[in-house]
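First the structure, in the form of structure tokens, and then the observations on it.
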Amino acid sequence: MEIRVENLRKTFHAEGRAVAALDGIDLHVPDGTVTTLLGPSGCGKTTLLRCIAGLETPDSGTIRIGDTVVWQGDGDRTRSVTPDKRGVGMVFQTYAIWPHMTVFENVAYPLQSQGTPRAETAERVSRALEFVQLGGYENRPATALSGGQQQRVSLARAIVAEPRVILFDEPLSNLDAKLREETRAELRELLTRLGITSLYVTHDRFEAMALSDDVVVMQSGSIVQRGSPEEVYFRASTHFVMDFMGKANFLPGTVVDPEHPSGFMLVDTAVGPLLCERRPGAHVGLAGQVAARMEFLSIVGDLGDDGALPPNHVAATVTSEMFLGEYREVQLRAGDTKLVLRTSATDAIEPGRRVELLLDPAGCRFLTE
Ligand code: ATP
């Protein structure tokens with residue numbers, strides 16, 4: 001079932017200061033998809049999730065789940081469906097697993113509190129546990145499980161009540177790095193099989209890209225970009241999104257030919273002329289910055305002395321390199337400009353080396369914000 005949020009606002013007042021946690025949010029989560037709210041601490045993602053669940057009261061706006069308006073407010077007139085009637089399942093960071101109960105009792109809890117008959121409860125709990133691959137763990141004390149297994153118990157508890165949508169609030173952030181990566185892959189598979197509309201809050205870009213059909217990037221109470229993981233990573237629309245989604249080079253520049261015959265756009269920068277993706281509405285003299293992810297930079301070879309280099313070829317000096325297992329990260333300097341790129345893990349490169357770089361025009365974006 002889809003979720004629709006329109007013009008949602010929420011301001012908190014603390015210590016004499018007003019903080020617009022949600023500054024007029026419009027959000028559509030299509031039926032059966034996984035959408036992630038991604039952004040730095042304090043950007044409003046948890047507040048938005050809690051408003052949808054009914055755990056927080058917005059100031060104004062509308063929230064719909066399927067055809068039901070679960071909250072609508074404008075000044076003094078509000079309409080609200082209580083949290084337990086919204087058909088929302090939740091999975092929290094802290095799992096909210098009861099330590100004194102067995103796995104079965106934990107998962108059965110929502111059904112028992114609805115007065116579901118005993119035989120039906122047993123059947124549904126057993127199905128939910130099979131689904132999260134914990135069949136046979138019914139009688140284990142919940143505390144005798146690993147962090148990843150406890151997280152699966154909390155997912156089983158969220159789905160046992162057959163909710164219309166599931167909301168996830170940073171469910172993996174208490175796991176250590178390795179377990180987190182494993183659980184991420186498992187969760188992706190579970191969510192795909194489950195097919196329930198899911199809204200997932202995280203500040204971890206890898207988690208967002210790995211799990212979602214759509215990533216919604218938030219900044220200071222607003223949505224700044226929304227798209228598939230590939231779109232927000234490769235086609236960021238602002239400096240903030242480009243920087244938040246992964247490492248990139250930013251080169252201030254001015255447009256000199258918006259319709260260069262190469263099919264790209266020519267921009268003058270401190271490291272020389274750069275061809276980059278054309279931008280509708282760009283004009284000569286438009287100021288901005290060329291942004292290029294580090295995987296679009298490559299070392300062509302050692303620097304020769306054949307004079308001026310063509311566009312996108314840049315003379316640079318290696319300043320340092322780091323071996324990071326799967327790849328090496330190389331820091332360089334071209335005049336006063338710092339650059340970063342990725343090379344193969346097996347290609348060691350010594351600091352001080354003078355090299356010619358190529359910035360792939362297809363990976364250069366011109367940003368004005
Ligand atoms: P995090 O990743 O740290 O949880 P977040 O993006 O989920 O951050 P929110 O928790 O939604 O952000 O908070 C948004 C803003 O609202 C922050 O500036 C926060 O300090 C403020 N805020 C949240 N809850 C309250 C509250 N109960 N009282 C006062 N201010 C609040």
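Hydrogens, waters and symmetry mates play no part in the numbers below; they use all other heavy atoms, side chains included. Order of listing sets the numbers, starting from 1, for every ligand and every atom in it.
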Of the listed options Leu37, Leu48, Thr46, closest to atom 4 (O) of ligand 1 (non-hydrogen atoms): Thr46
Side-chain donor/acceptor of Arg164 to backbone N/O of Gly87, under 3.5 Å: no
Any N or O of His13 closer than 3.5 Å to N or O of ligand 1: no
Within reach of ligand 1, part of Met218 (heavy-atom separation under 4.0 Å): neither
Under 3.5 Å: N/O of Thr47 near N/O of ligand 1: yes
Aromatic ring pairing Phe234/Phe296, orientation class (parallel under 30°, perpendicular over 60°, tilted between): perpendicular
Test item, Cys43 contacting ligand 1 (heavy atom, 4.0 angstrom): yes
Residue-ligand contact Arg50/ligand 1, heavy atom below 4.0 Å: no
Region of Val19 that comes within reach of ligand 1 [heavy atoms, distance under 4.0 Å]: side chain
Straight-line distance of Gln72 CD to Glu6 CD, nearest 0.5 Å: 8.5 Å
Per-atom contacts, ligand 1 versus Ala21 - under 4.0 Å to a heavy atom: 14 (C), 15 (C), 16 (O)
Sub-4.0 Å heavy-atom approach of Gly221 to ligand 1: no
Under 4.0 Å to a heavy atom of Glu170 - the qualifying atoms of ligand 1, by number: 2 (O)
